[in-house]
Amino acid sequence: MALLRAFIAIIRRDLILAFRRRAEMLNPILFFIIVVTLFPLGVGAQPQLLQSIAPGIIWVSALLAAMLSLDGLFRSDFDDGSLEQLLLSPHPTSILILGKIIAHWLVTGLPLILVAPLLAEFLGMHTDALIILLKTLILGTPVLSLVGAIGVALTVGLRRGGMILSLLVLPLYVPVLIFASNAVEMASGGLPVDAQINILLAMLCLALVLAPLPASAALKMSVS
Amino acid sequence: MNWQEFFAMGGYAFYVWVSYAITFVVLLALVIMPIIQRKQFMRQQTLRLKRQENP
Amino acid sequence: MFLIPKPVGKFFHRMASPPYFYDFTGRLIPWLSWIFLFLVIAGLYGGLVLAPADYQQGDSFRIIYIHVPSAWMSLFVYVVMAIAGGIGLIWRIKLAEIVAISSASVGAGFTFIALVTGSLWGKPMWGTWWVWDARLTSELILLFLYLGVIGLYGAIDDKRTASRAVAILALVGVVNIPIIHYSVEWWNTLHQGPTVTKMDKPSIHISMLWPLLVMAVAFKFYYVIAMLQRARTELVVRERNSQWVKLLLESK
């Protein structure tokens, strides 16, 4: 029970801290919208073309937005030393880190899902495809946060961790990108996508169980 | 089979020999580089030790 | 531990001591090099001269003798790197850490060779240098994973810490490689026609097969040689202030 209380306390603390800096919360959303807006300007505004590449555009942009927001996951806690306190607590570190990741996803991943319908409209996506897009985002973005957490935990102690973080994290995002964007593509063609959704769900379960372990090991290494 | 035929590789000479050449260069570099680095490092350390002994 | 015969356990115990490792590998490498040379000459002679030209691809198929062993090695070395990293992480054995990071550059080299030779083989077969073929794509992602490992090691100044970071990353990578591999393969079957499967043949004649296997073994020997060379350099740099390195320098 003490563990559960600590877990919830961490999520609450991180949410409160995030709401104190509301302006920063907007950054990933704005980034997501701007990147998606750039594509029609770059490839041309033919509705046919946009419709066919919309799933890929939205998912690649979501991937980049998720990656850019990762830096905030441990940065401020690392700088002010509260991360060390977290690691010293008697509770298992991986559970506490899972709490931090969940709070981070609520602040950065959930907003992406909320603006996705707007972007789908921009790119002329059908309603069926939109529903599947939302499903894949709900299942996929937590995986991005969980896997990304390992990357940030490894690089949080570095002064210039940004470039190396993208090299570490983006290859690991490939399976999510493949299955999620394919599901949306199939759905816009009216095909069944149960298999892809199930695979994404499996990835989420796997990441939920496994990712906090290397992330906590990496944090201990970064802090020491 | 004569040498000319062998080097021509049935018209695919460019692709085959460039592949083998790149492989050879990369594999050689991966062995030679650490050896050169070690030699250099050893030389530096020997000098450093000498300086420490008679400053 | 009781499953391991005593002499073997003793051998590994002694190998964990840096001066013994340095001395032993120094004497081992010439032997390995001779075996490697013998195998590589036999494999190349078999592959480039004895094996008949392929009835479909002509002589261009001879790239297989470096492309396929490199592709195999690129995966094999990653697994070795992760296992060595894991051993270093759990038992804090310095030499396991060094073996792990020394494998990274050799593995990246094999991956690079597999990519370049795949592209050079693809040009006459497909007509373009690059096709988003499943094998080439997963090989490219594997190269990114290797570069991530090497980049992370270079970015952290304290090499003990860097080794632990690399080990964690390699273990995460090794769990992910099958997932990435199969998702890329699945993606490929959806987006590409059946033309790209020209490269892998279900049946290969024995006169074409044996040089391939010999080359694969030769590449394994090469990996051990190159990895040990890098490990020896890494070892003397890390242990520069220890007594045995000083003795080594004085004996020169």
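So you know, we letter chains A, B, ... as the sequences are listed, proteins then strands, and number each from 1. These numbers come from a predicted model, not from an experiment.
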Under a 4.5 Å cut-off applied to non-hydrogen side-chain atoms, are P124(C) and Y12(B) in contact?
yes
More than 12 heavy atoms of other residues, nucleotides or ligands under 6.0 Å from CH2 of W17(B): yes or no?
yes
With respect to chain C, which residue among I22(B), L49(B), T23(B) yields the maximal number of heavy-atom pairs within a distance under 4.5 Å?
T23(B)
Whether over 12 other heavy atoms sit under 6.0 Å from K246(C) NZ:
yes
Roughly how far, to the nearest 0.5 Å, is the CG atom of L249(C) from the CZ atom of R48(B)?
9.0 Å
Can you give me the closest heavy-atom contact between V16(B) and S60(C), atom names plus distance?
CG2-CA, 4.1 Å
Are L30(B) and Y222(C) packed together at the side-chain level, in the sense that at least one heavy-atom pair is separated by less than 4.5 angstrom?
yes
With only heavy atoms counted, which part of I32(B) is less than 4.5 Å from chain C, the side chain, the backbone, both or neither?
neither
Interface moiety of F14(B) toward chain C, non-hydrogen atoms closer than 4.5 Å:
side chain
Check whether any side-chain heavy atom of M9(B) lies under 4.5 Å from a side-chain heavy atom of L48(C), and answer yes or no.
yes
Please give me the minimum heavy-atom distance between T233(C) and P34(B), naming the atom from each residue.
OG1-O, 2.8 Å
Supply the atom-to-atom distance E250(C) CD to K50(B) NZ, rounded to the nearest 0.5 angstrom.
11.0 Å
Ignoring hydrogens, what is the shortest heavy-atom contact between L120(C) and V18(B)? Give both atom names and the distance.
CD1-CG1, 3.7 Å
Atom CH2 of W129(C) with >12 non-hydrogen neighbours under 6.0 angstrom:
yes
What one should report as the nearest heavy-atom pair of G10(B) and D59(C) is N-OD2, 3.1 Å
Give the C-alpha distance, both sets of side-chain angles, the deciding distance and a yes or no for side-chain contact (heavy atoms from CB on, under 4.5 Å) between F41(B) and R240(C).
CA-CA 9 Å; F41(B) 177 80; R240(C) 77 188 92 188; 3.6 Å; yes
How close do S19(B) and T117(C) get, heavy atom to heavy atom, and via which atoms?
CB-CG2, 3.8 Å
Interchain contact, E234(C) with chain B, by part (heavy-atom threshold 4.5 Å)
neither
Report, as yes or no, whether the 6.0 Å neighbourhood of atom CZ on F112(C) holds more than 12 heavy atoms from other residues, nucleotides or ligands.
no
Rounded to the nearest 0.5 Å, the CG atom of L248(C) sits from the CE atom of M42(B) at a distance of 4.0 Å
Does Q229(C) offer a backbone N or O that forms a donor-acceptor pair with the side chain of R38(B) under 3.5 Å?
yes
Counting only heavy atoms closer than 4.5 Å, note whether V116(C) contacts chain B via side chain, backbone, both or neither.
side chain
So which part of F219(C) gets closer than 4.5 Å to some heavy atom of chain B, the side chain, the backbone, both or neither?
side chain
Is L44(C) close to Y20(B) at the side-chain level, that is, under 4.5 Å between some pair of heavy atoms?
yes
